[in-house]
Amino acid sequence: MLVVLMGPPGAGKGTQAERVTKEFNLLHISTGDILRGAVKEETPLGKEAKEYMDRGALVPDEVIINIMKERLAKPDCVAGVLLDGFPRTVEQAEALENVLKDLHLNIDAVINVDVSPDELLDRLTGRRVCRSCGSTYHMKFNPPRVRNICDHCSGELYQRSDDTVDTVKERLEVYGKQTLPLIEYYQRKNLYHAVDGARPIDEVFEDIATHLKEGKG
Ligand code: ADP
Ligand code: ADP
Ligand code: ZN
């Protein structure tokens, strides 16, 4: 199974991906996580990507496409994959199609987690992430049991440097211009399915799970 999880920044892609991958035994591939890993390790990719990420812009298509081409060709992908945060432009979607064709794979479903811009600002500025395992929390909507400590691994929680009001606003604008056209792109291919992401985390998950089970059966 190959699932694309779409949605604006802060919609809950990462949060849902954690649950969906567990339930359906899929590999979670997040371009944001890959890029943040490269930034942390100060690789050439990380140094290039940081500049874009810090100002809320997208990393150039060519860079992301090359990363994903390599990643999707690895043998651990055969069991099934959930793509989180990729594709984010029509050009990336077209490239993905070509990569998958070469690998004899197809997209089974594209799920868009739909949330209004007002809600997204609150979600992103209150987001906290575990430094060790990457689990995502929210100070109000999904707090850890102990303040600033990860429930899963006791790691320290931190705020992403791009989750500030100004950068969030820029990211939402970039989403509207560069990523929104993908909805129509996948509608035309009959792969698109929207879920209402403005509800509690468990309810959103149930919706996604139901859709994926129907698709499989
Ligand atoms: P994305 O990966 O789409 O950017 P995240 O999964 O990181 O989004 O979620 C953004 C923030 O919103 C996090 O702090 C997360 O805990 C919180 N969140 C996710 N889903 C919900 C929801 N259904 N209701 C309220 N808050 C949510
Ligand atoms: P969110 O879901 O909260 O927007 P991500 O963790 O998915 O955040 O992405 C963080 C940043 O990484 C983006 O703002 C962008 O700079 C970069 N990025 C992630 N995925 C892509 C992609 N597919 N194409 C271009 N840039 C990307
Ligand atoms: Zn953790």
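Note that ligands are numbered from 1 as they come in the structure, with each ligand's atoms numbered from 1 the same way. What's counted below: heavy atoms across the whole structure, side chains too, no hydrogens, waters or symmetry copies. Please read all numbers here as calculations on a predicted model, not as lab measurements.
- Here the heavy atom of the protein found nearest to atom 3 (O) of ligand 2 is Arg171 NH2, 2.7 Å.
- Proximity of Arg160 to ligand 2 is established by a heavy-atom distance of less than 4.0 Å.
- Ligand 1 lies less than 4.0 angstrom from a heavy atom belonging to Gly10.
- The cationic group of Arg131 lies under 6.0 Å from the six-membered ring centre of Tyr158 and within 45° of the ring axis, placing it in a cation-pi geometry.
- Contact annotation: for Arg127 versus ligand 2, heavy atoms closer than 4.0 Å belong to the side chain alone.
- Atom 4 (O) of ligand 2 has its closest protein heavy atom at Arg88 NH2, 2.8 Å.
- In this structure, Gly56 does not count as a contact residue of ligand 2, since none of its heavy atoms falls inside 4.0 Å of the ligand.
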Between side-chain atoms of residues 46-59 and protein atoms elsewhere (two or more places apart, or another chain), which donor-acceptor pairs fall under 3.5 Å?
unit_1	atom_1	unit_2	atom_2	d
Lys50	NZ	Asp54	OD2	2.7

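- When only non-hydrogen protein atoms are considered, atom 26 (N) of ligand 2 lies nearest to Val59 N, 3.1 Å.
- Of all the listed residues (Val63, Asp162, Leu35), Leu35 holds the heavy atom that lies closest to atom 27 (C) of ligand 2.
- Within ligand 1, the atoms closer than 4.0 Å to a non-hydrogen atom of Thr15 are 5 (P), 6 (O), 9 (O), 15 (C), 19 (C), numbered from 1 in the order shown.
- The closest protein non-hydrogen atom to atom 6 (O) of ligand 2 is Arg36 NH1, 2.8 Å.
- For the Zn ion (ligand 3), the neighbouring protein N/O/S atoms at less than 2.8 Å, given as residue and atom, are Cys130 SG, Cys133 SG, Cys150 SG, Cys153 SG.
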